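Sequence positions, counted from 1, serve as the residue numbers for this chain. Keep in mind that this is a model prediction, so the values were computed, not measured. Numbering of ligands and ligand atoms starts at 1, following listing order. Computed from heavy atoms alone, side chains included, the values below leave out hydrogens, waters and symmetry copies.
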Amino acid sequence: MADTLFHKVWNAHAVRTLPSGQTQLFVGLHLVHEVTSPQAFDMLRQHGWRVAFPERTFATVDHIVPTSSQRRPFLDVMAEEMTVSLERNCRDFGIPFWPADHENQGIVHVIGPELGLTQPGMTIACGDSHTSTHGAFGAIAFGIGTSQVRDVLASQCLALDPLKVRRIDVDGALRHGVYAKDVILTIIRRLGVQGGVGYAYEYGGGTIDRMSVEERMTICNMSIEGGARVGYINPDDTTFAFLRGRRFAPQGAAFDRAVGWWRSMASDRHARYDDRVSMDASAIEPTVTWGINPGQSVTVTERIDGDPRDEAFAFMGFAPGDRVAGTKIDVAFIGSCTNSRLSDLEEAARIVRGHRVAKHVKALVVPGSRSISREAEARGLDRVFVDAGFEWRGAGCSMCLAMNPDRLEGRQICASSSNRNFKGRQGSPTGRTLLMSPAMVAAAAIAGEVVDVRTMLPEEVHA
Ligand code: SF4
């Protein structure tokens, strides 16, 4: 019977139905970082348990590591303590660990794919909400809490309720200056931040098919911001070309055999969905959030509409009828697992090249991994940013969640390529976040205020 990738992967990993009605689901890959794991390892020790599948578990540091200097010991005492704790836990439990000075280090959702750990047809878990990123490869990937991190460490399984599947088709050509980030912000705006509760989102259609794997990761990354626990894209030749030759991907003939199986896991043409939504990509414009959740967004040319009693207006300092364009910014942040990949940095550099960051703006670029950092430096992108007045940082989560020294102060406004604009997300309880594409952040950094990136794109690609 025709079926979706979600159900095929779910069924292939279902161990049994639990008395609660939940499914005991085997987890193919568990990614661990320093923030959500210490208590989980403590619980294992208390019970005298071992890690069930250390060869399916990989750890790195990303959330709390400083990005200005990654020399050990870190100046930040908490960062040093958490890193030491993860080092010890990985050593004691036999888990591969990539510390801040290791060539494989980076944000969990960036290094999994770039090392080829993330593969189609897998179940993947990590103690971070944006684990849905890995769905870009046709994996079913869940963000989990600390007690579930313990469960996966101890048993390699999770107890989960099955999800419904909503197919979201995006068709048509994206205009110049419109990026994957604008697509997902538009989807969340249309379907709502709670619209995906109880669903896995399957993204498809011609626009998604034409996207690079990196763009697909941006789309799947923010599924959770639309309420969907899982977001995925069926694997195709683009996926396989990305994975071929990567360190942990199957090699040689095994890779070709894997491709056959990966293809078979894609949703069938006549698969039935619980819901279907269609969108016209050509109608999407550069989009920016104005409020305190990622669904509160407008196009850069649009005026904000909404109930003036909504607390977002008072918090953000906007009123109905205002435009976000023209809003003076204090900080520009290009980074996070949503938009810190090489193509993001290249696109931002195209805007920045030959310009200077506005005097009142603090601007930083934080590559998602040491590998991206190395590649960007080999291409001279670091010089483009530094010459323009950006700070070029070490890999990490940085200002996405400000569990490290990269934080907003007071009521600063940040143009950010990250994924959450909740109150206090970037470190200051009163700090304000405007989510947008990396290219839009670059344009805002140069202009000193939110602008339409299309007015700053190099001549040859101007729409
Ligand atoms: S960049 Fe942000 S969302 Fe991504 S893993 Fe780090 S803290 Fe989580």
*Without swapping roles, check the side chain of Asn419 against the backbone of Met222 for a donor-acceptor pair under 3.5 Å.*
no
*Contacts of Glu311 that satisfy salt bridge (charged side-chain N to carboxylate O under 4.0 Å, His left out) - sequence neighbours left out*: Lys423
*For the pair Arg350 and Glu347, find out whether any cationic side-chain nitrogen is under 4.0 Å from an anionic carboxylate oxygen.*
yes
*Distance flag, aromatic centroids of His130 and His109, threshold under 6.0 Å*: no
_Ion pair check, Arg189 and Glu302, cut-off under 4.0 Å_ = yes
*Quick one: salt bridge (charged side-chain N to carboxylate O under 4.0 Å, His left out) partners of Arg353, sequence neighbours excluded?*
none
_Show me which atoms of ligand 1 lie under 4.0 Å from any heavy atom of Arg425._
2 (Fe), 3 (S)
Below 3.5 Å, can you tabulate the donor-acceptor pairs from side chains in residues 52-61 to any protein atom, sequence neighbours excluded?
{"from": "Arg56", "atom 1": "NH1", "to": "Gly28", "atom 2": "O", "distance (Å)": "3.0"}
{"from": "Thr57", "atom 1": "OG1", "to": "Phe53", "atom 2": "O", "distance (Å)": "2.9"}
{"from": "Thr60", "atom 1": "OG1", "to": "Trp98", "atom 2": "O", "distance (Å)": "2.8"}

*Could you grab the protein N, O or S atoms closer than 2.8 Å to atom 8 (Fe) of ligand 1 for me?*
Asp128 OD2
*Side chain or backbone of Met399 under 4.0 Å from ligand 1, or both, or neither, by non-hydrogen atoms?*
neither
